[in-house]
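Below is one structure, written out as structure tokens, with a few remarks after it.
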Amino acid sequence: MDTLKAEVYEMLKRAIHAAIEAGELPISEAPDIPFSPTKAPEHGDIATPVALGLAKKARMAPLTIAETIVRHVNLDEHLRIDKFEIAGPGFINIHLSNKWMYDTLRTIVAAKSLYGTCDKGAGKRVQIEFVSANPTGPLNIVSGRAAAVGDTLVNLLNAVGYDAIREYYVNDAGGQVERLGESIDVRYRQALGEDSLEIPEGGYQGEYLQEFAQTIVAAEGDTYLQLSEEERVVHFRDKGIAHLLGQQKASLERFGVDFDVWTSEKAIRDSGKPEEIIALFREKAYLYKAEGATWFRMTGFGDDKDCVVIRSNGEYTYFVPDAAYHRDKFDRGFNKVIDLLGPDHQGHVTRLKNFVKALGLPEDWLEISIIQQVNLVDSDGTRLDMSKRRGQFFTLDALIDELASTVGEQFAVDVARYFFLMRANNTHLDFNLELAITQANENPVFYIQYAHARCCSIFQQGDEQGIQPKPVDAVSLRQLTEPMEHELIRKLAGFPSIVLFSAEEREAHRIPHYLLELAGLFHPYYNQHRVLDTSNIERTYARLILVQSVQTVLANGLTLLGISAPESM
RNA sequence: GCGCCUAUAGCUCAAUUGGAUAGAGCAACGGACUUCUAAUCCGUAGGUUGCAGGUUCGAUUCCUGCUAGGCGUACCA
């Protein structure tokens with residue numbers, strides 16, 4: 001479709017030039033030619049409103065302009081185009097030929113799992129950092145959403161020719177993990193009978209730390225009481241990080257997300273890079289001292305307030321290692337870095353970008369996208385709070401457990417991923433848990449998977465009846481005469497540009513919607529037109545090619561989303 | 001206060017980035033299983049795209065101002 005669009009673009013451009021030279025179009029140069037996909041079949045396969053745009057400049061009626069352009073088009077140039085038609089206020093509708101339909105099917109059948117891919121990214125290296133939750137508790141639902149989106153974006157970028165990787169930044173240093181160590185220490189001593197203790201201010205209240213402390217007591221008893229409190233906190237901190245990070249990794253694996261690189265904040269801090277960053281900032285006079293702390297002149301970059309980079313106690317704030325981390329990403333040679341941050345990080349977007357600018361890195365090198373919050377909603381509409389600090393949250397694992405109890409483990413992951421992916425990143429997502437469970441059978445993901453299973457089933461049935469699909473070159477595709485077949489092929493032909501578009505625009509949610517539409521065309525077709533028909537074997541072979549193409553595109557789309565494409569349901 | 005996000009059918013959301021008659025699913029109502037899987041299909045109904053202006057051939061989309069909701073605005077990460 002893409003190459004076809006490029007060819008149509010050239011044809012129209014030549015036609016406009018010809019019209020200008022013939023003195024029939026009073027404009028100086030050919031304009032850009034926009035294309036819009038058509039909504040109704042009678043509007044053809046591709047449409048362009050170019051005549052509408054020229055109306056003012058040429059001081060002519062749009063319809064007249066459209067007629068003039070079409071008159072100068074040389075149709076013989078192109079076998080895949082049937083006709084140009086003028087409609088409505090001045091749209092030029094392009095109707096594609098049967099040859100184009102047949103070519104589309106041949107392309108899909110030949111490309112198989114590669115259909116939809118391209119090399120547009122030219123091997124450019126992209127890193128997407130996502131989830132990056134503190135190792136202070138289990139992954140929550142928002143992390144699950146980020147995991148699904150990030151994983152799919154990497155798939156999409158790789159599909160269109162980039163060299164993209166998944167990276168997780170482990171915040172295993174700083175104040176948060178100190179609070180973790182303190183919290184575990186309190187839970188440990190509580191487990192040994194010190195009832196009067198309380199979790200310190202800013203600590204972690206969650207039950208999971210009580211359980212963790214109990215497993216420590218069960219395994220090692222009260223041996224740690226011999227250590228000083230300071231030693232204990234350090235020990236429990238490291239033990240807790242290892243335990244919780246392991247838990248997060250297990251959750252992600254269960255969710256089908258496999259990170260390529262895990263980068264430790266502690267390692268960044270120990271690398272000496274933060275010191276280099278500070279030295280650089282100091283050299284550029286971005287820093288000043290006030291109230292015992294060292295501040296960065298964020299206001300010089302257009303922000304409304306400065307921010308502390310070295311606290312009065314001499315420790316770095318989060319920003320220094322984070323700036324160093326991004327410097328490190330750049331040094332590793334990524335052409336583009338995309339951070340998917342949680343909703344509570346929106347204050348960081350501007351600052352992080354400013355730090356990157358202060359480091360002298362290209363402005364468009366870092367792209368930050370906020371994965372908006374997920375509200376778990378009860379059927380009565382009440383929202384469940386998911387803050388980790390308050391110890392009251394719904395974990396990703398708990399969500400999958402819930403779903404798995406009704407639909408099984410594999411579908412639970414499929415359903416959760418689909419729900420997370422079907423919304424645009426920057427929209428708030430209400431996840432009605434009860435609805436997701438009780439109406440699992442009516443879930444759109446099943447609708448799509450069922451379409452795929454039906455395709456497989458047709459081949460299995462055919463096999464039992466002794467009907468084997470023939471190679472596409474041995475099949476008369478002329479047999480595909482139904483309007484629904486033309487519409488299906490049109491939809492199939494659009495897949496590569498949807499993949500490219502959603503990769504370039506980081507809009508993963510277009511894939512679920514596309515697949516839903518494709519399934520929505522296939523199911524009615526299946527119901528109204530029989531594929532396997534021994535009384536019309538030629539047409540059967542042709543339809544098998546179409547079914548095979550639908551199956552391929554559904555499978556390819558689902559694979560991009562990390563969702564299974566079952567052969568039977 | 002300032003900043004970011006959101007507002008589309010009863011509900012949850014689309015609308016290929018400014019194009020033709022704003023589309024799906026769920027919920028509601030009425031139909032279709034001796035036929036490749038009824039987890040499906042067909043049909044009916046459902047809209048002043050939050051409100052008021054502006055930009056232009058054309059606005060759900062862009063601009064301004066309101067209104068409502070969410071989030072952020074740490075010497076936490």
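Keep in mind that this is a model prediction, so the values were computed, not measured. All values below were derived from every heavy atom in this structure, side-chain atoms included, with hydrogens, water molecules and symmetry-related copies excluded. Within every chain, numbering begins at 1; the chains are lettered A, B, ... in the order of the sequence lines, protein sequences first and strands thereafter.
- E291(A) comes within 4.0 angstrom of a nucleotide base, judged by non-hydrogen atoms across all strands.
- Closest approach to the R530(A) side chain among rC4(B), rU35(B), rA20(B) is made by rU35(B) (side chain taken as heavy atoms from C-beta onward).
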**Item:** Test log, rule side chain to side chain contact (heavy atoms under 4.5 Å, CB included), inputs Y418(A) and L516(A)
**Value:** CA-CA 11 Å; Y418(A) 190 89; L516(A) 199 56; 4.1 Å; yes
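- Ring-to-base geometry does not place Y447(A) in a stacked arrangement with rA39(B) (centre distance under 5.5 Å, plane angle under 30° required).
- Spacing between rC62(B) and rG43(B) at atom P, rounded to whole Å, works out to 34 Å.
- With hydrogens and angles ignored, no donor-acceptor pair under 3.5 angstrom links the side chain of Q372(A) to the base of rG70(B).
- Aromatic pair F301(A)/F296(A): centroids less than 6.0 angstrom apart.
- Taking the side chain of Y450(A) as heavy atoms from C-beta on, and the options rU73(B), rU40(B), rA14(B), the nearest nucleotide is rU40(B).
- Taking atom CG of residue L515(A) and atom P of nucleotide rA14(B), one finds them 16 Å apart after rounding to whole Å.
- Counting only N and O atoms by type, the side chains of Y169(A) and D339(A) include no donor and acceptor under 3.5 Å apart.
- If you check rC13(B), rU37(B), rA20(B) against the side chain of H513(A), the one that comes closest is rC13(B).
- The distance between atom NE2 of H523(A) and atom P of rG25(B), rounded to the nearest whole Å, is 11 Å.
- Counting to the nearest Å, the P atom of rC41(B) and the CG atom of N527(A) are 7 Å from each other.
- Counting atom types as modelled, Q176(A) pairs a side-chain N or O with a base atom of rC76(B) as donor and acceptor under 3.5 Å.
- A side chain to side chain donor-acceptor pair (under 3.5 Å) with R543(A) is found for exactly one of Q479(A), E538(A), E485(A), namely E485(A).
- A sub-4.0 Å separation between OP1 or OP2 of rA38(B) and a side-chain N or O of R454(A) is present.
- Nearest nucleotide to the R311(A) side chain, out of rC76(B), rU37(B), rG3(B): rC76(B).
- Listed nucleotides rA39(B), rA20(B), rA14(B) differ in distance to M569(A); the shortest reach to its side chain belongs to rA39(B).
- Between rC36(B) and R543(A), no contact under 4.0 Å exists linking OP1 or OP2 to a side-chain N or O.
- Partner assigned to rU34(B) is none, using Watson-Crick or G-U wobble distances below 3.5 angstrom.
- Nearest to the side chain of E505(A), among rU37(B), rU17(B), rC4(B), sits rU17(B).
- Within the nucleic acid shown, Q528(A) comes within 4.0 Å of sugar-phosphate atoms alone, with no base atom in reach, counting heavy atoms only.
- Where A293(A) and A87(A) meet RNA chain B, the nucleotide closest to each residue was compared, and A87(A) sits on the side nearer the 5' end.
- We find that CG of D303(A) is positioned 10 Å from C1' of rU73(B), with the value rounded to whole Å.
- In this structure, rC57(B) and rG19(B) make a Watson-Crick or G-U wobble pair, each of the two defining distances being under 3.5 angstrom.
- The distance from atom CG of D344(A) to atom P of rC4(B) is 18 Å, rounded to the nearest whole Å.
- Here rC76(B) presents its C1' atom at 14 Å from CG of L180(A), a figure rounded to the nearest Å.
- A donor-acceptor pair shorter than 3.5 Å cannot be found between the side chains of Y325(A) and E265(A).
- Shown here, rU34(B) is classed anti by the O4'-C1'-N9-C4 or O4'-C1'-N1-C2 angle, which is more than 90° from 0.
- Looking at which nucleotide of RNA chain B each of P89(A) and F35(A) is closest to, the 5′-most match is held by F35(A).
- Distance from the side chain of Q461(A) is smallest to rU37(B) among rU37(B), rA15(B), rC41(B).
- Relative to the side chain of A424(A), the nucleotides rA14(B), rA20(B), rU17(B) differ in distance, and rA14(B) lies closest.
- In this structure, CG of N313(A) is placed 8 Å from P of rC76(B), rounded to the nearest angstrom.
- Between K305(A) and the phosphate of rA74(B), there is a side-chain N or O to OP1/OP2 separation shorter than 4.0 Å.
- Of the candidates rC36(B), rC13(B), rG3(B), the closest approach to any side-chain atom of Q346(A) belongs to rG3(B).
- Base pairing annotation: rU73(B) forms a Watson-Crick or G-U wobble pair with rG1(B), both donor-acceptor distances under 3.5 Å.
- Taking a pair to require two hydrogen-bonding distances under 3.5 Å in either a Watson-Crick or a G-U wobble arrangement, rA7(B) pairs with rU67(B).
- The distance between atom NE2 of H509(A) and atom P of rU12(B), rounded to the nearest whole Å, is 18 Å.
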**Request:** Starting from the C-alpha separation in whole Å, work towards a yes-or-no answer on side chain to side chain contact (heavy atoms under 4.5 Å, CB included) for V547(A) and F459(A).
**Result:** CA-CA 9 Å; V547(A) 172; F459(A) 286 107; 3.8 Å; yes
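- T317(A) contributes no side-chain N or O that forms a donor-acceptor pair with the base of rC75(B) under 3.5 Å.
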